[in-house]
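Okay, so here's the structure we're looking at.
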Amino acid sequence: MVRRPVAWIVALVLFAEALGIAAVNWFLGVVVDRQDMSLAGLDPHMMSVSSKIGGIVFGLYFALCGLVALLVALRDRAPAGVGRVLLISAAVVHGLLGAFAWGLIGWTAFLAMVVVLGLIVLLLMTYDGRSGESAGTAPESGTGGTGGTGGTDGPGRTDGPGGTGSDRSPVTPPAAPTVP
C-alpha cells in the first residue's frame with residue numbers, strides 16, 4: 001500500500017526541514033550579530049539570540065512532528081492524540097508558510113510548502129480512522145470472515161461491518177423533521 005512509504009517520506013522531509021529551519025535561523029542570528037546594527041532601536045544582540053532560539057524551537061517542533069511520522073511508519077498505525085494534533089498543526093503551519101512564501105519568495109517556495117502540506121494530509125487521510133489496528137490485521141469483533149469459510153458463518157449468513165446475519169436491513173438515513 002501507499003501508507004508506509006508516505007509516512008517514511010513525511011518523516012524524512014520533516015527531519016530535513018527541522019535541520020534546515022534551525023540552520024537558517026542560526027545563520028541569520030550570526031549575520032545580525034556581526035552586522036551590529038539596530039532595527040528601530042532594538043538591541044542587535046537580543047535580535048541575534050532570539051533568532052537562534054526561534055530556530056532551535058521551530059527545529060525541535062518539526063523534528064517532533066517528524067518523530068511522530070516515523071512512529072507511524074514503523075508501527076503502521078494512525079497517529080493518535082498529541083501526535084495527530086502535532087501533524088495537523090504542521091499541516092496548518094505549512095499552509096500558512098506556503099501563503100507567505102507565495103507573496104515573499106515566489107511560486108517555487110509555495111510549491112514546496114504545498115507538496116509538504118499534501119504529504120502530511122495524505123499521511124493523515126490514508127489511516128482512515130483505524131487507529132487501533134495495523135494494515136494487515138482483521139478486526140477482533142469477528143467481522144472479517146477469516147478461516148477460509150468465504151465470509152460465511154453458516155447457511156445464508158454473511159459477515160459484514162456492523163454484525164452478522166442476512167436479516168439486517170439496509171442502512172437508511174432518518175426521516176427529515178417536519179414543521180407542524
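What you see below is based on every heavy atom in this structure, not just the backbone, and it leaves out hydrogens, waters and symmetry mates.
- The two residues Val72 and Ala78 make their nearest non-hydrogen contact at CG2-C, 4.5 Å.
- Within the structure, no pair that satisfies the ring pair (Phe, Tyr, Trp, His ring centres under 6.0 Å) test touches residues 11-46, not counting sequence neighbours.
- Checked against side chain to side chain contact (heavy atoms under 4.5 Å, CB included), Ala109 has the following partners two or more places apart in sequence or in another chain: Ala101, Ile105.
- The minimum heavy-atom distance linking Pro79 with Val68 is given by the pair CB-CG1, 4.2 Å.
- Under the rule for a side chain to side chain contact (heavy atoms under 4.5 Å, CB included), the partners of Val2 that lie at least two apart in sequence or sit in another chain are Val6, Thr126.
- A search for ring pair (Phe, Tyr, Trp, His ring centres under 6.0 Å) contacts involving Trp102 returns Phe110, not counting sequence neighbours.
- Annotation: side chain to side chain donor-acceptor pair (under 3.5 Å) contacts involving residues 54-74, sequence neighbours excluded, comprise Tyr61-Ser89.
- In this structure, Ala22 has no side chain to side chain contact (heavy atoms under 4.5 Å, CB included) partners at least two apart in sequence or on a different chain.
- Note that the CD1 atom of Ile88 and the SG atom of Cys65 stand 11.0 Å from one another [nearest 0.5 Å].
- Sorted pairs that involve residues 103-121 and meet side chain to side chain donor-acceptor pair (under 3.5 Å), not counting sequence neighbours, are lacking altogether.
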If you look only at distance, which donor and acceptor atoms sit under 3.5 Å apart when one is on a side chain in residues 111-124 and the other is two or more places apart or in another chain?
none

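- In the hydrophobic clustering of this structure, Leu14 does not group with Ile56; members are Ile, Leu, Val, Met, Phe, Trp, Tyr whose side-chain heavy atoms approach within less than 4.5 Å, directly or through other members.
- Cluster membership check: Phe58 does not share its hydrophobic cluster with Leu104, using side-chain heavy-atom separations under 4.5 Å among Ile, Leu, Val, Met, Phe, Trp and Tyr.
- The CG atom of Leu60 sits 11.5 Å away from atom CG of Leu67, with the distance rounded to the nearest 0.5 Å.
- Minimum interatomic distance between Ser48 and Gly29 (heavy atoms only, all atoms of both residues): OG-O, 2.8 Å.
- Judged purely by atom type and a 3.5 angstrom limit, Asn25 uses its side chain to pair as donor or acceptor with the backbone of Ile21.
- Here the side chain of Arg3 pairs no donor or acceptor atom with the backbone of Asp76 at under 3.5 angstrom.
- The other residues sharing a hydrophobic cluster with Ile53 are Val49, Val57, where clustering joins ILVMFWY side chains under 4.5 Å apart.
- Applying the side chain to side chain donor-acceptor pair (under 3.5 Å) test to residues at least two apart or on different chains, the pairs with a partner in residues 11-22 are Glu17-His94.
- Connectivity analysis of hydrophobic side chains (ILVMFWY, heavy atoms under 4.5 Å, direct or indirect) links Leu28 to Val24.
- For the atom pair Met47 CE and Ser51 OG, the distance stands at 9.5 Å (nearest 0.5 Å).
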